[in-house]
Every structure is written in structure tokens, then in C-alpha cells.
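This report refers to the structure that appears directly beneath it.
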Number of protein chains: 2
Amino acid sequence: MPTDEWEPPAVLLTVDLVILTLRDAALRLLLIERGVEPFRDAFALPGGFLGHLGEGIEAAARRELAEEAGLGDRSLHLEQLGVYGEPGRDPRGRVVSVAYLAISPRLPDPVAGTDAAGASWHPVDAVLAGEVPLAFDHHRVVSDGVERARAKLEHSALATAFCADTFTISELQEVYEAVWGTRLDPRNFYRKVQRTEGFIVAAGPTRKTETGRPARLFRAGPRQVLHPPMVRTALTKGTDE
Amino acid sequence: MPTDEWEPPAVLLTVDLVILTLRDAALRLLLIERGVEPFRDAFALPGGFLGHLGEGIEAAARRELAEEAGLGDRSLHLEQLGVYGEPGRDPRGRVVSVAYLAISPRLPDPVAGTDAAGASWHPVDAVLAGEVPLAFDHHRVVSDGVERARAKLEHSALATAFCADTFTISELQEVYEAVWGTRLDPRNFYRKVQRTEGFIVAAGPTRKTETGRPARLFRAGPRQVLHPPMVRTALTKGTDE
DNA sequence: GCAATAGTGTCTTTTAGACAATATTCA
DNA sequence: TGAATATTGTCTAAAAGACACTATTGC
């Protein structure tokens, strides 16, 4: 019970990054192999402690994005995911972590960053299935992050964050299919996407590809909120909980 | 730059509560009049520092819910809203706040709690319009919380959290109208709500009211995810405003 | 009957969902 | 021409949106 000279307890603050991208038509997640205790040799999300007392939390996230993932000046989607701070989640003491969700277009190669040595892309399905043991409560964080991305694809333009500056409608469809794990009808997809004013806008003189008919190029439009939403079909979903 | 014996900085952790309810057919928010510096005599969200180093964050939120709002053992909806921790947001030092969104059915009176003396319900519209000056960055927190509630009404069963254990369809409609600030067509609303299997289920022998035909009673069903979602649309003609 | 609120039915327009055919490029 | 991918069109079923009427209670 707080008394006269009670002082509030102080906690250590970390940021953790759920970085998603598309590679080989699959949703993948960036993981670091830990070199130090605790959880040495286990995989973990990129992240780390607040650098100094005056550093902003999102600023720390961007710093770690550069240091640990080699994604420095790159423009990518970054949003706060939530706080994970249950006592006992970190053996080093009371550590509270702010998780961020980052989404990036296909990256060059195995991430050629500074400290990004032990970083590698893992299929999200395998991670969610528990085939890749993660440190701390990072499995829960990943699960929340992926679910956030899946949900936001429905009623926001988040899908374009997985694409390069310009992209084709087929590429956009691949994003939806990979993130949701479903197959969509291209004809209905074309219709739906193009009817949503401001979702994507024509870009460039319209051409590209290697074999087959060239596709028209688009870029992300100004609209962030999709109305009506894209509907996640052919998935169990419906039932409660 | 971190050196050999670098130690991560520690921050103070608080929880802040955006507590929403329906009173007089309007969406209202619980605010506390601060009795101490900083921001003495300004309004602020209920909340406070982590009680001790071993206290869970959500546990702290529930404790403050009881202490500052007098909403102790009450069953209510509580979800994490986000973290607000920019340097300089609190003159007392580096304070990072975890905001929670709480939604409660109509409460007895002006909240007869323990420390809930200076607590009062304010119309959300007035607060968002800036007519009630708030301490810290609480205006932003309130704005985010209300927007979260508005959005979740669309594709989740959150609306039932504003209702008592049993409720009528008209009452549920009033929730949507108050939170969204729109008018809805009762006939389409009845149809829509009842078609969504598991959203609400019949409860009680079916009766109630004071004047007019008694209404059937329902309670919240098992389904949390609404599919298809409720769509936020205004009534074309109906009563104006 | 009258006042007041609860609940249902129908029509029209829009949208989703399923399906097949045409267009454009390169070899 | 053929292979490969892009793009458009049509039909049907379902849902949204607009509208008016019937039902049940207390007086």
C-alpha cells in the first residue's frame, strides 16, 4: 500500500518488431537468432531496450529497424501493435515491451544490414504452428501481429504496403492470398479493387512483365479506409470467439 | 552511444482509462478533476502509476477502475488501447502510459466509489470538440478510444457491452446511434441484427417497458465477430441534425 | 378508441459470387 | 500459331436501403 513517501516503481522498456513481407508467394517474418542470454540460440523478434531516457518509443522502433533489420531509411508501414508487460515474461526483471508491426515490400536479399547478421525470413505459417521456438512471449506477439495484418487488409489499404512503389493488380491479389491464406477469383478481385475509388490509381505508361501480356501499373491511392471492405471469403471464420 | 557498462534507462509506467457509457442517449466519458500538480484543477482520465513492481498492467488498470471510478467487481469490457510515451508528455519525468478502453452499461448514479469523488460523466462530443480541457495528451487518448469503439461496433459485438445483461433491440439500436452519432432505420436494424446468427439470443419470457407494447428481451450471444459487418450509414431523410 | 412503442413485409437497387471469353505480348 | 498472363463481361443470388403497415400493451 502506498504511504507518505511512496515512489512509483520504474520498469525497463523495450521495443519488439513484427516485420512482415512477402517472399516466394508466402508471408514471412524476420527473426533474429539470439546470441546472448536469456534464451541464447533461440529465435526472437528484432528489438531492444530504449536507447536513452529521452528517446521516443517509435523512434526507438525505427532505430532498431535500422540496426537489427537493416531497414534504415526505407519507407515502410509502421504501427503500434500493443504492450506486453506481464511480470515474469523476462527473467532480467520487470521489462515492458512495446510491439510494433512493420510491413515492407520485398527486400533485396537476406537483409544486408549492420547487426542484421543472424536475421532471416521465416514463413509465418511455420512460426504460428510452433515449428520455430521463440523467446519470451514473442509467439503471442507474432500471433497478434499477423491477426492485425489480416484484419486490416479487409478495411484498409494496408495491402499496398506489401507492394513496391508501383505494382500490378495481380501482385496486389497475391498479397491478399498470401496473408489470408486463401485463393481469390481474379475477375471479382479486379472489379472490386477498381470500383473502390482512391484505393489504387493508375501509374506509369502501363507496362511490364517477362512473358505474357504486359500488366498495367498502379500505385497506392489516397484512400486508407476501404468502404465497403474487402471480404475475407472461403475461410472458416464465421464461428465465434 | 551504449558502451561496455551501459544500462538501459528505466521509465515510470502509468495506466489511463477511457471509460465509456451511455447516459441520456448520449455517449459519455468518465473524467476526474485533478487535485494535484501537474495540471491541477484540469480534467484527466482516471488512472495512475503501477502499484508495485510485481503488478500486472491490466491488473493495475482494474485496480484503478475500482479505486478511481468505483467500478470494482463490475463485469465490463476492458481492452488495451495503446501506449502513449512521448518524451515530454509528463513534466514529472519519463512517464509511459498504457491506455485501456473500458465500456460499461449504464451505471447507478454519479459513481459512488471510493476515491471517485471528483469523477463525472462528460458528453464525448463536447470533449472531442475541445470544450473540456484535458491534462497531458489525454485528448488524443480519448480521440483514439472513441474511434476504436466506433470502428469495433461495425465488425464485433462490442455494442452489447454498453447494454445491461438483458436488453431490447431498441436499446441496442440506441447504442449504435449514440456511438456513431447517426440515426438508423429500425426495420432494417431489426432485420440485420436478427439475421446475424449468435449476435443476440432471446432471453427471459419476453416482456418489459412502461408504456406501449412490451419488448422482447435478448442477451449477448456467443459470437464476437460480426459477419457481414454492421455498416455505418446514416438515414437519408429521417429526422435531421 | 387512442396513445405509444414493438415488430414484420415488400419492393428496388446494389453488391457479391460464380462462371467464360477476349486481349496482348513474345517466341 | 501457341503459350502465357491480363483484362473485361454476364448472369444469378444475396444483401442493403427505402418504404408502410400490423401488433400489443395501458389508459
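Chain letters run A, B, ... following the sequence lines, proteins first, then strands; residues in each count from 1. Predicted model, so just to flag it, every value in this text is computed and none were measured. The figures here come from the full heavy-atom set of this structure, side chains too, leaving out hydrogens, waters and symmetry mates.
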(request) List in chain and number order the residues that pass side chain to side chain contact (heavy atoms under 4.5 Å, CB included) with A:A159, two or more places apart in sequence or in another chain; answer none if no residue qualifies. (result) A:L153, A:L172, A:V175, A:Y176
(request) List in chain and number order the residues that pass side chain to side chain contact (heavy atoms under 4.5 Å, CB included) with A:E33, two or more places apart in sequence or in another chain; answer none if no residue qualifies. (result) A:F43
(request) Using whole Å, report how far CD1 of B:I200 lies from C1' of C:dG7. (result) 13 Å
(request) For A:R150, enumerate each residue passing the salt bridge (charged side-chain N to carboxylate O under 4.0 Å, His left out) test, keeping only those at least two apart in sequence or located in another chain. (result) none
(message) Check whether B:E68 reaches the backbone of B:G47 with its side chain - one donor and one acceptor, N or O, closer than 3.5 Å.
(response) yes
Below 3.5 Å between N/O atoms, which protein atoms pair up with nucleotides 2-5 of chain C? Just atom names and distances, please.
residue: C:dT5; atom: O2; partner: B:R213; partner atom: N; Å: 3.4

(request) Rounded to the nearest angstrom, tell me the gap between atom CG in A:L172 and atom C1' in D:dT7. (result) 15 Å
(message) Each nucleotide in nucleotides 8-15 of chain C should get exactly one letter: B, S or -. Can you fill that in based on protein heavy atoms under 4.0 Å?
(response) BB-----S
(message) If the condition is ring pair (Phe, Tyr, Trp, His ring centres under 6.0 Å), which residues does B:Y190 pass it with, not counting sequence neighbours?
(response) none
(request) Quickly work out the A:L217 CG to D:dT5 P distance and round it to whole Å. (result) 17 Å
(message) So, using side chain to side chain contact (heavy atoms under 4.5 Å, CB included) as the criterion, who are the partners of B:E177 when residues are at least two apart?
(response) B:Q173, B:R183, B:L184
(request) For B:Y84, enumerate each residue passing the ring pair (Phe, Tyr, Trp, His ring centres under 6.0 Å) test, keeping only those at least two apart in sequence or located in another chain. (result) none
(request) Would you mind reading off the distance between A:I169 atom CD1 and C:dT24 atom P, rounded to a whole angstrom? (result) 16 Å
(request) Not counting sequence neighbours, which residues clear side chain to side chain contact (heavy atoms under 4.5 Å, CB included) with B:R63? List them please. (result) B:E55, B:A60, B:E67
(message) Rounded to whole Å, how long is the line connecting atom CG of A:D185 with atom P of C:dA20?
(response) 11 Å
